Amino acid sequence: MGTRIFCKFCQALLLAAALFPAPALAYDATWYKTDFWSGEYPQGFTLKQDMMTQIRTEHDPKAPRDIACTMENGSTYHPWNGERVKSSNLEFLSFVPIETYVIKAPIKVTLHDEQTKSDVTVPFKQGDEWTYLTYYAEGSFRMKFQDKVYAAEQDLLEASREKDGKKSDRQDHEWMKLTCANGATGWLLMSDVQGHPGYDGPKYVEYGLAVDKVIAATDPGPAPVKLKAIKWPVGKWPEGIVHDGKTLWYAEAARRRIVQINSSNGRVIKRVKVGRYPSAMVANKEGSVFALAIYSDLVWVQPRKEPGKRLTKLPDYSVDMVGDDETLWVISQLTKQDNKELVVRIDQKSGKSTKSEPLAGQGFNLTQGFGKVWVSHGDYMSVLDAKTLGDIRDIPLDGFMFHLKANKHGVFTSAGNDRSRETMISVVKLDGETGREAARRDLPVPVFSLAVDDDHVLAASGEGRIWVLSPKDLSIQRVIELNVGKFEPFTILPRDNTLYITTYKGRGKNGSVVVVKDWRP
């Protein structure tokens with residue numbers, strides 16, 4: 001007996017669709033009409049630029065395309081984009097060639113009766129004929145047998161053959177009625193625009209949800225303000241930097257230590273060995289400092305008044321760490337499991353850790369905010385519950401996204417065409433609740449480092465420029481031009497009206513902390 005798993009999406013289609021063929025216009029009784037577009041991922045498109053196309057007054061391929069229809073850059077026309085369906089009065093219609101199949105041998109198949117909404121076992125005899133009406137999703141389709149309409153699965157197809165030994169090569173005709181940006185109304189045949197320049201694949205947020213694409217703002221903003229920066233020479237390969245409430249600490253990656261310095265003059269107070277390649281750092285309100293020693297697979301804690309120690313051992317090579325005043329979160333890669341990774345949640349007091357389930361791909365950065373942990377895999381984001389580390393959703397990203405920061409306004413990242421740092425010319429804001437892209441700002445040069453405080457987003461280039469952006473809409477509040485020339489900013493730490501920026505550039509092979517005062521707009 002065949003088995004069947006009936007998808008929720010298919011159930012929604014059953015409720016929405018007409019149950020019987022309805023020939024119309026150029027479509028005769030050999031076509032089946034539905035009021036939906038089928039498929040696990042139905043067709044649709046997102047505009048790559050403002051477009052004008054010709055559409056029809058009727059859903060008839062022989063009708064003239066005599067209506068000029070304009071559509072705006074970034075608009076996503078898709079059954080899953082509810083906002084666009086409402087704003088553009090979208091209707092979706094399909095005409096599908098009806099196919100006849102013949103049962104090859106006696107079989108009992110479980111079908112879903114679309115009138116009674118119940119599963120039934122239907123016995124088929126050899127030679128019985130049934131008609132294929134339309135596809136749903138996940139292998140499920142609508143068919144008719146003995147004048148009754150059912151939903152069926154792949155097992156029925158495997159037990160059947162096409163009548164006359166071949167299947168028609170006619171394609172489904174998918175129509176969309178729309179109100180255009182210029183106010184015109186008519187019918188667009190999907191095949192008229194599919195694959196043409198200017199029409200891109202639909203922008204999905206997740207399965208079942210498509211959205212309009214956010215168009216990047218490109219205005220240059222105010223004229224640059226020239227500020228004089230101070231360079232403090234430090235040790236080799238300075239990376240993470242934090243403020244413990246009284247002093248600064250930075251990670252000296254090449255020397256296996258963290259270094260405490262005076263925040264007024266950069267003078268060294270203390271050096272502490274912590275493990276191989278310390279990088280990311282976190283400080284809490286009690287003044288404790290935490291360092292991720294990447295190649296030693298550990299987190300080091302340096303309390304303000306007590307000797308430092310290893311807080312916890314990590315399962316494998318780790319690449320990034322963030323925290324609040326009680327908890328740390330770390331991406332730890334599983335190098336023996338095809339470069340998968342997991343997120344480790346660590347209690348700052350006890351060092352007790354919990355681990356997420358392995359994630360699907362390589363993680364580059366993470367941040368935490370809005371009760372979630374956000375992990376960038378480049379072209380998509382994993383979002384986990386910050387307490388349980390349970391999976392909330394995966395979010396496909398528009399481009400390759402790298403740096404991740406969060407504040408009360410949203411989640412912020414740099415974006416480019418690929419993983420090359422030289423392509424990261426955009427700053428993107430994601431909504432903290434839904435993960436949807438909310439704003440995008442293109443900059444004239446690549447973003448080497450990103451930072452946030454409660455009221456600003458800072459993007460630094462390797463050209464000695466810093467863009468200060470509004471966290472609400474990424475509008476440019478200030479452009480800072482430093483006097484230090486080209487340098488590669490690693491970590492930016494906003495602290496009141498001073499920026500502390502670590503960079504590998506310095507004297508010889510050693511690096512620097514670049515200090516910028518009066519940076520706020």
Side-chain angles (χ1 to χ4, degrees), residues 12-13 15-98 133-137 168-205 208-216 398 437:
L13 294 181
L15 295 175
L19 292 179
F20 301 100
L25 303 173
Y27 299 101
D28 59 21
T30 65
W31 293 82
Y32 186 80
K33 176 186 174 184
T34 73
D35 57 0
F36 60 86
W37 288 2
S38 62
E40 288 87 352
Y41 284 84
Q43 293 200 85
F45 55 84
T46 296
L47 276 296
K48 296 193 290 185
Q49 61 193 55
D50 290 345
M51 294 294 295
M52 192 282 289
T53 190
Q54 297 294 123
I55 61 176
R56 298 172 170 88
T57 57
E58 302 172 292
H59 45 75
D60 182 348
K62 296 180 181 179
R65 297 174 62 187
D66 55 1
I67 300 174
C69 175
T70 59
M71 292 176 283
E72 296 177 340
N73 186 15
S75 299
T76 295
Y77 292 84
H78 192 277
W80 293 349
N81 187 0
E83 294 178 4
R84 174 61 52 188
V85 168
K86 183 177 180 180
S87 65
S88 295
N89 302 309
L90 303 186
E91 297 178 28
F92 298 91
L93 191 66
S94 296
F95 289 92
V96 186
I98 295 174
L133 299 180
T134 192
Y135 181 64
Y136 284 142
S168 169
D169 58 0
R170 290 183 299 177
Q171 300 296 311
D172 297 359
H173 288 190
E174 294 185 323
W175 293 89
M176 177 176 67
K177 188 176 183 180
L178 73 158
T179 300
C180 309
N182 60 346
T185 300
W187 289 90
L188 179 147
L189 181 60
M190 184 63 188
S191 60
D192 285 341
V193 299
Q194 191 173 20
H196 289 207
Y199 298 86
D200 203 358
K203 177 173 173 52
Y204 299 113
V205 173
L209 178 62
V211 296
D212 287 351
K213 180 179 179 179
V214 176
I215 305 303
D398 187 9
E437 185 172 327

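Quick caveat, the model's predicted, so the values are computed rather than measured.
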At what distance, to the nearest 0.5 angstrom, does [atom1] of [X] lie from [atom2] of [Y]?
X      : Y      : atom1 : atom2 : value
Asn73  : Lys48  : CG    : NZ    : 10.5 Å
Thr76  : Asp212 : OG1   : CG    : 5.0 Å
Asp172 : Trp37  : CG    : CH2   : 11.5 Å
Asn81  : Ser88  : CG    : OG    : 8.5 Å
Asp28  : Phe95  : CG    : CZ    : 11.0 Å
Ile98  : Lys33  : CD1   : NZ    : 13.0 Å

Which heavy atom in [X] sits nearest to a heavy atom in [Y], and how many Å separate them?
X      : Y      : answer
Ser38  : Glu174 : N-OE2, 4.1 Å
Arg84  : Ser75  : NH2-OG, 3.2 Å
Ile55  : Cys69  : CD1-CB, 3.8 Å
His173 : Gln171 : CD2-O, 3.1 Å
Pro79  : Phe92  : N-CZ, 3.6 Å

Checklist entry - Quick one: salt bridge (charged side-chain N to carboxylate O under 4.0 Å, His left out) partners of Glu72, sequence neighbours excluded? => result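 Not a single residue meets the salt bridge (charged side-chain N to carboxylate O under 4.0 Å, His left out) criterion with Glu72.
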Does the ring pair (Phe, Tyr, Trp, His ring centres under 6.0 Å) test come out yes or no for Phe45 and Tyr77, once each step is laid out? CA-CA 6 Å; Phe45 55 84; Tyr77 292 84; 5.4 Å; yes
Practice problem: Quick one: list whatever passes side chain to side chain contact (heavy atoms under 4.5 Å, CB included) with Val211, sequence neighbours left out. | Solution: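 Val211 satisfies side chain to side chain contact (heavy atoms under 4.5 Å, CB included) with Lys203, Val205, Leu209, Arg436 once adjacent residues are dropped.
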Return the orientation label for the His59 and Trp187 ring planes: parallel under 30°, perpendicular over 60°, tilted otherwise.
->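 The rings of His59 and Trp187 stand perpendicular, inter-plane angle above 60°.
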Could you check if a side-chain atom of Asp66 sits within less than 4.5 angstrom of a side-chain atom of Thr57, using non-hydrogen atoms only?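 Yes. Closest side-chain heavy atoms under 4.5 Å.
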Are the side chain of His78 and the backbone N or O of Pro42 linked by a donor-acceptor pair below 3.5 Å?
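Yes, the answer is positive, given that a donor and an acceptor are paired below the 3.5 Å cut-off.
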Output side-chain donor-acceptor pairs under 3.5 Å for residues 190-202, partner residues at least two apart or in another chain, one line each.
residue	atom	partner	partner atom	Å
Asp192	OD2	Arg56	NH1	2.6
Gln194	NE2	Gln43	OE1	2.1

Gln54 atom CD, neighbour heavy-atom count above 12 within 6.0 Å: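 Counting other residues, nucleotides and ligands, CD of Gln54 exceeds 12 neighbours.
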*asked:* Holding to side-chain hydrogen bond (donor to acceptor under 3.5 Å, both in side chains), I want the full list of residues that pass it with Asp398, two or more places apart in sequence or in another chain.
replied: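 Partners of Asp398 by the side-chain hydrogen bond (donor to acceptor under 3.5 Å, both in side chains) criterion, ordered by chain and then number, come out as Lys213.
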Note to self: Please enumerate all residues that pass side-chain hydrogen bond (donor to acceptor under 3.5 Å, both in side chains) together with Arg65, with sequence neighbours excluded.
What the structure shows: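 Residues passing side-chain hydrogen bond (donor to acceptor under 3.5 Å, both in side chains) with Arg65: Thr53.
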Listed pairs under 3.5 Å, donor-acceptor, residues 175-186 side chains, sequence neighbours left out:
residue	atom	partner	partner atom	Å
Trp175	NE1	Tyr27	OH	3.0
Thr179	OG1	Asn89	ND2	3.1
Asn182	OD1	Ala184	N	3.4
Asn182	ND2	Ala68	O	3.0

